[in-house]
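Proteins get letters first, then strands, A, B, ... in listed order; numbering begins at 1 in each. Quick caveat: nothing in here was measured; it's all calculated off a predicted structure.
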Amino acid sequence: MPDPTNAPTNAPAAANIQGNPQPVRFRGGGFNPRRHPWAALAAFALLVALWEGASRVGLASPLFLPPPSAVGRALAGMIADGSLWLNLKASLLRIGVGWSLGTLGGLTVGLLMGVASVARAVGVPLVSAFFPIPKIALLPLFILWFGIGEASKFATIGFGVFFPTVIATYSAIDSVPRNLIRMAQSFGLPWGAILRNILLPGALPGILAGFRITASIALILVVAAEMIGAEYGIGAFVLMAGNLMQTDTLLAGVLVMSALGLTIGALLSLLERRLLVWR
Amino acid sequence: MTIARWTRRTLLQRTAFAGVALAAALAVGPQPVAAQALDKASVGVLALSSSGPIFIAKAKGYFEREGLDVTLSMFTSAQQVPVAVASGDVDFGVTGLTAGFYNLAAKGAITMIAAQSRDEPGFPLSAYVATNTAHAAGLAKPSDLKGKRIAITTVGSTFHYMIGILGQKYGFTVKDVTMVPLQDVPKMVAAFKGGQVDAILAPSTVARQLVADGAGQILGWAGDETPWQLGALFTGPKTIQTRRPVVEKFVRAYKTALAEYHAAFNVKDASGALVKGPGYDALLTIIADATKQKPEIVAAGLPYVDPNARLLIDDVVNQVRFWQSEGQVDKALDPKSILDLSFIGQ
């Protein structure tokens, strides 16, 4: 980073002619991102204050848009009677198991499609055919295949996560620079070593970006999964609040879900920093 | 929507219009008044035979006769109708009573003004259906449902309450059964056929289909076991305040259609069997057209209505108490505060 005050104005040749160089302000870096840790918080606080104010003044009916204080009270109630933890625990288990199953399967298939051209020739049309099927439309079938216990919930999330993982994995492997692979091949590296040392690390950024998407998909699908006879779960909780028209409780549940999304996002950032140190 | 456009001037104009129209109508007897004098109103309904009286009032011109131009808005689930009335998208609504309905009413968004249909002995609307396995294991009558796994649509639905009152009758609570909420009827049927539950509460058409498929046995009908107030006609408190004449006209037309519906479909002979009343086929065609179903299917599931639109007030109170005991409706709600039965003189 050049020091703005001591930056050489023109080329040294010009300085020689003039003899006494004029200090010139550093003009670069105008759009460099700077850290504003308080800006996001302040904007959020302002939004909440406006929202609360609108409700207090009577601009927004508490039925259509419950004020943040009512949502906070509902949330405090959930924490106090322990239902928050009970619901969160059930959903985290479903997200954890469903996402892991879908990711494992997706990584395996995606890897195969990335390295074997026969697997890709078979896989690409199949993925294109099955990915767009809305998992919610398949729920009655999932009930028949997997019952109404946890298995059908894992399956709903797992299927939703599987296809994007396949696509992310095989396109990440596809985008590993060819010259690196060719160089390794010309140096006579064994196939396994190329996979371990070049293909997988090179594909990792793309795969991790895929995780970010599939983690959000898992969060969205937990609501669909918990349509199937779930007694507890944050998705079941949100559905019930909607059915009962308890709008403040509904928003409290939504708040918990977005907090969950933030947490998972932060964890993934941590994972990226750890795994992508080599960059 | 409409309320916003009701300035004082248009209100005066329209009431004056209506007054003139009414005088004219009285002078020459009941007949449709001039088209430009009609008050606009809208009603949210489901395409089910329980909304039959509304379809009849519309098709036979009873609303026009009262000076109303009524638009029907079709909804697909009972939950959407009270929400649409609360948001002002429609002026009136007729649907089943759910916990969500009472929560909207508790917030002062809707008021019940007359009855819709009710579960009544001899009118098969909702059945308790047992799987063959559960039936073979001894689930033979509704009182055996205690301790069983029963599929329902959602927590707070009419099915949830039907299990509640069945328990009140046979001395168990909803805690004694495992209710499995599956959101909609297709998923309930899938869980039932897959043997995931012991029983379901199902609408008559679904229940009969399950028996025809050999998938289960009907244990009984909610109407025979626990008669209750299934639905109501409701509107927003603001509509009652600012457009009282419109509400009065609407209820009058509705009651005319109710009486006709009752006479055609709900009358029994001395032996207790239903008899076809006057205009049976014509009215059945109206309902079949509106619900887009075959007349014979409609005829098999026609609910009972009170000819004077009277509500089972004791049951409404019981419903509110039940939801309050389940923790699903605000404990502070007084059931009488969400009723305005002045329009039907109850």
Worksheet item: Does any non-hydrogen side-chain atom of A:L92 lie less than 4.5 Å from one of A:L260?
Response: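 Counting from C-beta outward, A:L260 and A:L92 do come under 4.5 Å.
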
Fill in: Heavy-atom side-chain contact between B:L233 and B:Q116 under 4.5 Å
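Side chain of B:L233 against side chain of B:Q116, heavy atoms only: no contact under 4.5 Å found.
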
Worksheet item: How about A:F162 and A:F130: are their ring centres within less than 6.0 Å of each other?
Response: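 No, the ring centres sit 6.0 Å or more apart.
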
For [X], is it the side chain, the backbone, both, or neither that has a heavy atom closer than 4.5 Å to a heavy atom of chain A?
{"X": "B:Q79", "value": "side chain"}
{"X": "B:K187", "value": "both"}
{"X": "B:A86", "value": "both"}
{"X": "B:V189", "value": "neither"}

Checking [X] against chain B: side chain, backbone, both or neither under 4.5 Å from a heavy atom?
{"X": "A:A230", "result": "backbone"}
{"X": "A:T249", "result": "neither"}
{"X": "A:L239", "result": "side chain"}
{"X": "A:M227", "result": "both"}

Item to complete: For the pair A:S152 (side chain) and A:G147 (backbone), establish whether a donor and an acceptor sit closer than 3.5 Å, ignoring hydrogens and angles.
Response: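 Looks like yes, one N/O pair under 3.5 Å.
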
Item to complete: Using a cut-off of under 4.5 Å on heavy-atom pairs, state which of B:A106, B:P181, B:S157 scores highest against chain A.
Response: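 Most pairs with chain A among the choices: B:P181.
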
Let me check something: any side-chain donor-acceptor pairs from residues 205-214 of chain B under 3.5 Å, sequence neighbours excluded? List them with distances.
residue	atom	partner	partner atom	Å
B:Q209	NE2	B:D213	OD1	3.0
B:D213	OD2	B:K193	NZ	3.3

Item to complete: Flag the pair A:E226 and A:K153 as a salt bridge only when some basic side-chain nitrogen lies within less than 4.0 angstrom of an acidic carboxylate oxygen.
Response: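 Salt bridge flag = no for A:K153 with A:E226.
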
Using atom types as modelled, flag every donor-acceptor pair under 3.5 Å from a side chain in residues 159-166 of chain B to any protein atom, sequence neighbours excluded.
residue	atom	partner	partner atom	Å
B:H160	ND1	B:G156	N	2.9
B:H160	NE2	B:E326	OE1	3.0
B:Y161	OH	B:D315	OD1	2.8
B:Y161	OH	B:N318	ND2	2.9

